[in-house]
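One structure is given below, encoded as structure tokens.
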There are 2 protein chains.
Amino acid sequence: MQGQETSIEAVKNYLNQKGINPSYQRLRIFELLSSGKNHPTADLIYNTLIREIPTLSKTTVYNTLNLFQKRGIVTGLTIDENEVRYEANTKPHAHFKCTSCGAIIDMPIDCPYLAEKFVDGNKVTERHLYLKGICSACMKMYGMTGQ
Amino acid sequence: MQGQETSIEAVKNYLNQKGINPSYQRLRIFELLSSGKNHPTADLIYNTLIREIPTLSKTTVYNTLNLFQKRGIVTGLTIDENEVRYEANTKPHAHFKCTSCGAIIDMPIDCPYLAEKFVDGNKVTERHLYLKGICSACMKMYGMTGQ
DNA sequence: TTCTCTGCAAACGCTTTGCACGGAT
DNA sequence: ATCCGTGCAAAGCGTTTGCAGAGAA
């Protein structure tokens, strides 16, 4: 329990530091985003937290996610059309979506081209790299060989 | 006029070859996608063509775009949440969206990392690279220096 | 009290679905 | 006559907005 409490405390401090009033709902939503690596949708966040916060509304989830995005501590990913997924900001990385199991995996970006500040005379401030294919776990399951 | 007719003929042949019955609406929609470099939304396609095809319906635009995507001759881009843009498939390239003027510009992908067939043991079949920033035209307008 | 956060209900906008008409074979 | 494409109208679904009540300062 101690571990959880210090985690909650850390989140609280972080939100305060970003000028965000750390309400209970906001704490729990940010904690969910920063702990798990599941890149949840708004709907998944709602359905996960509603078990422990029975009064939670989707409006609050959306309000909170939009606030987090405005404050720059959370990013919305639209790897596939028609579903936005969210993640807490960490270091730059690419996303890999397995078309077989649907998993979304963080990947390193190992490419000097993607560090360029200018490309073709255009000033680059944001980079989003999405890969799709079959993840190693699915390949094993189907008896395919990796590499 | 000759040029346009041969262009229409070329599109007709292409669609036939892909197993798509080249109806007038489909022809015009594909022509729009393959000629212009504007990466239009479904709505923009509708509003562009309605001038010349007054009976056109949005349903047909959506039907057609979905058909094209299923046949693999058109790709839907979701550079920004909540708007899907379409482009005819050509060679792999990145997209740059200017946050100032909203223009979407095709860019070369100059990066061996993005040609890798496997990354971290995952088999990569699709790559989507979106950059955002200020395009060279806007930088000139605001008196910023490129490079 | 005042200000902010929450959450219900309704509105919104894009996309899909149901279905009937019309054209082509 | 059959099949396929079209397009109207309605439904669907994720997200936002309006607003009133609860809670903190």
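Keep in mind the model is a prediction, meaning the values are calculated, not measured.
- In the displayed structure, A:Lys58 atom NZ is contacted under 6.0 Å by more than 12 heavy atoms of other residues, nucleotides or ligands.
- No close placement of the A:Phe68 and A:Tyr86 rings is indicated, their centers lying 6.0 Å or farther apart.
- B:Ile45 has its CD1 atom 14 Å from the P atom of C:dC14, to the nearest Å.
- Between the A:Asn122 side chain and the A:Val119 main chain, a donor and an acceptor come within less than 3.5 Å of each other.
- For A:Arg85 (side chain) and A:Ile79 (main-chain N/O), no donor-acceptor pair under 3.5 Å exists by modelled atom type.
- Between B:Asp80 atom CG and C:dC14 atom C1' there is a gap of 15 Å when expressed in whole angstrom units.
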Each nucleotide N or O in nucleotides 9-17 of chain D that has a protein N or O under 3.5 Å away: list the pair and distance.
{"unit_1": "D:dA9", "atom_1": "N6", "unit_2": "B:Thr59", "atom_2": "OG1", "d": "3.4"}
{"unit_1": "D:dT15", "atom_1": "OP2", "unit_2": "A:Tyr62", "atom_2": "OH", "d": "2.1"}
{"unit_1": "D:dT15", "atom_1": "O5'", "unit_2": "A:Tyr62", "atom_2": "OH", "d": "3.1"}
{"unit_1": "D:dT16", "atom_1": "OP2", "unit_2": "A:Asn66", "atom_2": "ND2", "d": "3.2"}

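- Counting to the nearest Å, the P atom of D:dA22 and the CD1 atom of A:Ile53 are 19 Å from each other.
- A:Thr48 has its side chain out of reach of A:Pro40: every pair of non-hydrogen atoms, C-beta onward, lies at least 4.5 Å apart.
- The nearest whole Å value for the distance from the CG atom in B:Leu44 to the P atom in C:dC14 is 13 Å.
- Taking atom CG on A:Leu15 and atom P on C:dT4, their separation rounds to 18 Å, with Å as the unit.
- Residues B:Pro108 and B:Ala94 approach most closely at O-CB, 4.5 Å, considering heavy atoms.
- Contacts between residues 21-29 of chain A and DNA chain C, counted as heavy-atom distances below 4.0 Å, involve A:Asn21, A:Ser23, A:Gln25, A:Arg26.
- One can place CG of B:Leu67 at 15 Å from P of D:dG7, the figure rounded to the nearest angstrom.
- Between the A:Thr41 side chain and the A:Val84 main chain, no donor and acceptor come within less than 3.5 Å of each other.
- Heavy atoms of other residues, nucleotides or ligands lying less than 6.0 angstrom from NZ of B:Lys123 number 12 at most.
- For B:Ser57 and D:dT6, the shortest distance from a side-chain N or O to OP1 or OP2 is not below 4.0 Å.
- Atom CG in A:Leu56 sits roughly 13 Å away from atom C1' in C:dC5 (whole-Å rounding).
- Looking at heavy-atom distances under 4.0 Å, A:Thr41 makes no contact with the nucleic acid at all.
- Looking at B:Thr75, its side chain never comes within 3.5 Å of a backbone N or O of B:Glu87 through a donor-acceptor pair.
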